[in-house]
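Please read these numbers as outputs of a predicted model, since none were measured by experiment. In listed order, ligands and their atoms are each counted from 1. Residue indices begin at 1 and follow the sequence shown.
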Amino acid sequence: MDSNPSSAETAQKSIYVSSAVTNAAKILVVGHFAVGKTTFIGSLSEITPLRTEEKMTQASAHVDDLRGVTGKTTTTVALDFGRLTLSDDLVLYLFGTPGQQRFMQLWEDMARGALGALLLVDPARLEETFPVIDLIEGYGLEYAIAVNCFDSAPVYEEAEVREALDLLPDTPVVHCDARDQQSSAKALIALVRHLLDRTS
Ligand SMILES: Nc1nc2c(ncn2[C@@H]2O[C@H](COP(=O)(O)OP(=O)(O)O)[C@@H](O)[C@H]2O)c(=O)[nH]1
Ligand SMILES: [Mg+2]
């Protein structure tokens, strides 16, 4: 085997999945509108994420609720997709799945074969998380909570989030900044650890 790969080969390494990878897992990144799903996948994906963002217009004013949301000019019209190699033999495929009611059919497809879901939560809009929890539980998916720490949002301790969302004691709750790669990775690792615990 060539132990000295050419620069072209090195450049391609990050585009293609290594041939050593024997395990691939599908993980959903879910949450309500404007909670940071697209941002999260964008900061973690080693490939240019597939995004299906469109500019929001007046026509969507009654569809996507912008109350309490600042600086958002686009909305996801289908899904986000990214990839993250966790170890020599394990790659994660990240599917950002919108929480809005109009995406129910998409959930049907996305949930199939998924190992689990990372549920992003905006501490300023905790109540918007309930319909998404219903969906996750309805599809029987294991999940972990990642509280996305928006600058102006109230800061809740883990126990407060747990109580407000009525979580089971073993559901992991972590705080993250979806714009930050390391912080997002920590949140994803909390989910993966939880999934491993449940399967071992
Ligand atoms: N301050 C802050 N802003 C964020 C964070 N995550 C996302 N945003 C911003 O919040 C808005 C909504 O994020 P987006 O990823 O589009 O949400 P999505 O609808 O769930 O995909 C965008 O303007 C992001 O730049 C975060 O952790 N902190
Ligand atoms: Mg989005």
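- Across every non-hydrogen atom of Ala153 and Pro123, the tightest pair is CB-CG, 3.7 Å.
- Side-chain N or O atoms of Ser184 include one that pairs as donor or acceptor with a backbone N or O of Asp180 at under 3.5 Å.
- A distance of 10.0 Å separates OG of Ser43 from CZ of Arg179, quoted to the nearest 0.5 Å.
- For a threshold of 3.5 Å applied to N or O pairs, the pair formed by Cys176 and ligand 1 contains no separation below that value.
- Of the N or O atoms in Phe40, none lie within a sub-3.5 Å distance of an N or O in ligand 1.
- Shown here are the side-chain contact (heavy atoms from CB on, under 4.5 Å) partners of Ala25, two or more places apart in sequence or in another chain: Leu92, Leu115.
- A distance-only check finds a donor-acceptor pair linking the side chain of Trp107 to the backbone of Pro98 [under 3.5 Å].
- Residue contact annotation: Thr38 places an N/O/S atom under 2.8 Å from the Mg ion (ligand 2).
- Judged by distance alone, the side chain of Glu137 and the main-chain N or O of Asp134 form no donor-acceptor pair under 3.5 Å.
- Each of the following atoms of ligand 1 lies closer than 4.0 Å to a heavy atom of Ala178: 6 (N), 27 (O).
- Against a heavy-atom cut-off of under 4.0 Å, Lys37 is close to the following atoms of ligand 1: 15 (O), 17 (O), 18 (P), 19 (O), 20 (O), 21 (O).
- Short contacts between ligand 1 and Asp151, defined as distances under 4.0 Å to a heavy atom of the residue, involve ligand atoms 1 (N).
- Using a 4.0 Å cut-off between heavy atoms, Thr39 contacts ligand 1 through both its backbone and its side chain.
- Residue contact check for ligand 1: Ala34 places a non-hydrogen atom closer than 4.0 Å to it.
- Among the atoms of Val35, some N or O lies under 3.5 angstrom from an N or O of ligand 1.
- Ion pairing between Lys186 and Asp177 fails under the 4.0 Å rule for side-chain N and carboxylate O.
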